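A quick note: this is a predicted structure, and the numbers were derived from the prediction, not measured. Here, residue 1 is the first one in the sequence, and each next residue gets the next number. Below, each value reflects all heavy atoms present in this structure, side chains not excepted, and no hydrogens, waters or symmetry copies.
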Amino acid sequence: MKISTKGEYGLRAMLYLGMQESGISVTSHQIARHQGIPEPYLRQILSLLSKNGLIHSNRGPQGGHSLARPAEEISLRDILVVLEGQLTSVDQILAQPCTIHVGTEYCALREVFLDVKREVERILAQRTLGDLARRQKKLVDEDIRVPLDLAATGQSETSKTGRSSLPILRE
């Protein structure tokens, strides 16, 4: 799965908003400073999130940004669809005709990529901003470090078939 800078910055901004107390508005300057996001680009992202009903934005000296609904009701899928338009680069593969002699409807590769897409969408639809905010707090409070790459740390699991797969993190 490939996420653009817009998607990453948008997720980080939404996580920051999700970690605020209910009803508290924060400025784009605060979000930019705490999340390391260039403020002019952040404003464009916040505008897009506001237009799509994920956040409330108010201008002026007392203005700021807040979630439009509880963090538990906003999935990561909701955010990424607004910012990226599609969830996986698999969509681009699926749009191509399968040119093997048996045709698209019998293409084993297409079947695998449909499974990948289905699982990515399932995970992103199940995980909410509230889940992420709680996990972020726990990581910081308990000094839990997240590895940069599961394969590099030897944390991949071997399935019953003997093939390596990445673990699914659950709380």
Side-chain angles (χ1 to χ4, degrees), residues 1-92 116-153 155-157 165-171:
M1 177 175 171
K2 184 175 181 177
I3 298 175
S4 71
T5 303
K6 179 172 38 173
E8 179 193 348
Y9 287 171
L11 285 169
R12 286 170 36 193
M14 290 293 287
L15 176 58
Y16 186 79
L17 291 173
M19 294 182 73
Q20 306 306 308
E21 290 183 38
S22 181
I24 300 293
S25 290
V26 294
T27 66
S28 56
H29 181 73
Q30 288 172 296
I31 299 169
R33 189 181 69 219
H34 283 98
Q35 294 298 314
I37 303 170
E39 193 171 353
Y41 192 32
L42 176 62
R43 283 194 206 108
Q44 294 173 14
I45 293 167
L46 293 172
S47 175
L48 189 56
L49 293 167
S50 179
K51 285 178 190 170
N52 284 277
L54 292 178
I55 65 172
H56 292 298
S57 296
N58 299 309
R59 293 181 174 218
Q62 302 303 317
H65 309 277
S66 61
L67 297 179
R69 55 186 195 260
E72 294 298 330
E73 296 177 16
I74 301 173
S75 72
L76 299 183
R77 182 186 188 286
D78 295 336
I79 300 165
L80 287 172
V81 165
V82 165
L83 299 172
E84 299 288 345
Q86 64 183 20
L87 296 180
T88 65
S89 53
V90 172
D91 290 330
Q92 295 165 345
V116 169
K117 179 180 178 173
R118 192 174 302 118
E119 284 302 303
V120 168
E121 293 214 9
R122 181 188 62 78
I123 291 167
L124 292 174
Q126 286 180 345
R127 295 279 172 97
T128 68
L129 203 51
D131 296 334
L132 224 58
R134 279 190 303 282
R135 182 65 180 161
Q136 181 64 56
K137 184 173 179 6
K138 185 175 182 170
L139 290 172
V140 172
D141 290 350
E142 297 178 19
D143 193 27
I144 300 170
R145 299 186 188 269
V146 179
L148 296 177
D149 184 351
L150 291 176
T153 62
Q155 292 184 13
S156 63
E157 296 177 350
S165 63
L166 297 178
I168 296 181
L169 304 175
R170 294 182 180 91
E171 283 208 23

Let me confirm one number: the CZ-OG1 distance from R43 to T27, rounded to the nearest 0.5 Å. 9.5 Å
Given I55, L54, L129, the one that forms side-chain contact (heavy atoms from CB on, under 4.5 Å) with R69: L54
Please report the shortest heavy-atom distance between L17 and H65, naming the atom on each side. CD2-O, 3.4 Å
Please answer whether the main-chain N or O of P70 pairs with a side-chain N or O of E73 as donor and acceptor at a distance below 3.5 Å. no
Is there a donor-acceptor pair closer than 3.5 Å between any side-chain N or O of E84 and the backbone N or O of S4? yes
Check whether any side-chain heavy atom of D131 lies under 4.5 Å from a side-chain heavy atom of E72, and answer yes or no. yes
Give the minimum heavy-atom separation between G53 and A68, together with the two atoms involved. O-CB, 3.2 Å
When you measure from the side chain of E39 to the backbone of A32, do you find a donor-acceptor pair of N or O atoms at a distance under 3.5 Å? no
Would you give the length of the straight line joining atom OG of S47 to atom CG of L42, rounded to the nearest 0.5 angstrom? 11.0 Å
d(K6 NZ, L48 CG) to nearest 0.5 Å is 6.0 Å
Contact summary for A133 and G18, nearest pair of heavy atoms: CB-O, 3.9 Å
As an exercise, state the distance from OG of S28 to CD of Q44, rounded to the nearest 0.5 Å. 11.5 Å
Tell me, please, which residues at least two apart from N58 pass side chain to side chain contact (heavy atoms under 4.5 Å, CB included). none
Interatomic distance, I79 atom CD1 to N52 atom CG [nearest 0.5 angstrom]: 11.5 Å
For a quick test of reading the model, state the closest non-hydrogen atom pair linking Q136 to L15 and the distance between them. OE1-CD2, 3.8 Å
Write out all pairs satisfying ring pair (Phe, Tyr, Trp, His ring centres under 6.0 Å) with one or both partners inside residues 6-46, taking only residues at least two apart or from two chains. Y9-Y41, Y16-H34
After noting the C-alpha distance and the side-chain angles of L49 and L83, does the key distance pass the side chain to side chain contact (heavy atoms under 4.5 Å, CB included) rule? CA-CA 8 Å; L49 293 167; L83 299 172; 4.0 Å; yes
Rounded to the nearest 0.5 Å, what separation is found between the CE atom of M14 and the CG atom of L46? 9.0 Å
